[in-house]
Amino acid sequence: MAQVSQVFSDSYIPLDNEPYMSKEQLSYFKGKLMQRKNELHNRITKSIKKIKTFEATQADILDRSNSYIDLELEFKSFKRHSDMIVQVDHALERIDDGSFGYCELTGDEIGLPRLEAIPFASMSIKALEEFEAGRGNMFLTN
């Protein structure tokens with residue numbers, strides 16, 4: 001696939017009346033994904049800083065317990081953001097290989113509204129509903 005430029009214009013909005021996953025749309029979504037990745041890196045950096053500076057020196061058992069709960073929440077936040085970066089990187093790879101915007105299970109279009117809401121989405125709504133309903137094996141081939 002042709003290299004997608006990383007031009008991200010705040011004024012461009014993908015429209016349904018243009019070719020699906022045109023060069024402009026791919027560039028737009030690549031910009032959104034790069035922006036999201038940067039935000040996630042910043043959040044991870046903040047989480048790491050909080051985790052590194054954690055001290056459980058409170059004498060009161062309740063205060064110490066609350067501190068450990070806060071630490072656990074910070075770890076969960078770190079994990080969630082790290083997992084999201086993996087998804088964003090996968091979406092960026094799909095832009096480069098030409099499969100971005102299409103469901104990984106069915107090959108159908110994911111759709112602009114879904115990608116606008118979740119730019120790293122890899123499944124169409126229909127496929128996701130089928131998969132979550134336990135019928136995901138219908139997409140698997142042996």
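On a predicted model such as this, the values are computed, not experimentally measured, just so you know.
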Side chain to side chain, Phe100 and Leu33, heavy atoms closer than 4.5 Å = yes
Ser22 meets the side-chain hydrogen bond (donor to acceptor under 3.5 Å, both in side chains) criterion, sequence neighbours left out, with Glu24
Shortest non-hydrogen pair, Pro14 vs Glu116, comes out as CD-OE1, 4.1 Å
Members sharing Ile125's hydrophobic cluster, built from side-chain contacts under 4.5 Å between Ile, Leu, Val, Met, Phe, Trp and Tyr, are none
side-chain hydrogen bond (donor to acceptor under 3.5 Å, both in side chains) filter on Glu93, not counting sequence neighbours, yields none
Residues joined to Ile69 in its hydrophobic cluster, side chain to side chain under 4.5 Å directly or through other members, sorted by chain and number, are Leu73
Residue set satisfying side-chain hydrogen bond (donor to acceptor under 3.5 Å, both in side chains) with Ser124, at least two apart, ordered chain then number -> none
Across all chains, not counting sequence neighbours, the ring pair (Phe, Tyr, Trp, His ring centres under 6.0 Å) partners of Phe120 are none
One should read off an interatomic distance between Ile13 CD1 and Leu15 CG, to the nearest 0.5 angstrom, of 7.5 Å
Rounded to the nearest 0.5 Å, the CG atom of Leu128 sits from the CD1 atom of Ile118 at a distance of 8.5 Å
dist Glu39:CD -> Met34:CE (nearest 0.5 Å) comes out at 12.0 Å
Glu104 vs His90, test: side chain to side chain contact (heavy atoms under 4.5 Å, CB included). Steps then yes/no.
CA-CA 11 Å; Glu104 289 185 325; His90 184 63; 2.5 Å; yes
Subject >> Whether over 12 other heavy atoms sit under 6.0 Å from Arg43 CZ >> reply: no
Interatomic distance, NZ@Lys49 vs CD1@Ile51, rounded to 0.5 Å, equals 13.5 Å
Applying salt bridge (charged side-chain N to carboxylate O under 4.0 Å, His left out) to Lys50 and not counting sequence neighbours gives Glu74
**Report entry** Arg114 side chain vs Gly101 backbone, donor-acceptor pair below 3.5 Å
**Finding:** no
Sorted by chain and number, sequence neighbours left out, side chain to side chain contact (heavy atoms under 4.5 Å, CB included) with Leu62 holds for Asp60
Minimal heavy-atom distance between Ala117 and Arg36, with the atoms involved, is O-NH2, 4.4 Å
With sequence neighbours left out, the residues meeting side-chain hydrogen bond (donor to acceptor under 3.5 Å, both in side chains) with Asp89 are Lys37
Using distance only, find each side-chain donor-acceptor pair of residues 76-85 under 3.5 Å and give its atom names and separation, not counting sequence neighbours.
{"from": "Ser77", "atom 1": "OG", "to": "His81", "atom 2": "ND1", "distance (Å)": "3.3"}
{"from": "Lys79", "atom 1": "NZ", "to": "Asp83", "atom 2": "OD1", "distance (Å)": "2.9"}
{"from": "Lys79", "atom 1": "NZ", "to": "Asp83", "atom 2": "OD2", "distance (Å)": "3.4"}
{"from": "His81", "atom 1": "ND1", "to": "Ser77", "atom 2": "O", "distance (Å)": "2.9"}
{"from": "Ser82", "atom 1": "OG", "to": "Phe78", "atom 2": "O", "distance (Å)": "2.9"}

What one should report as the nearest heavy-atom pair of Leu26 and Ile95 is O-CD1, 4.0 Å
**Q.** Side-chain touch Lys126/Asp108, heavy atoms, less than 4.5 angstrom
**A.** no
Tyr20 meets the side chain to side chain contact (heavy atoms under 4.5 Å, CB included) criterion, sequence neighbours left out, with Gln25, Tyr102, Glu109, Ile110, Leu112, Leu115
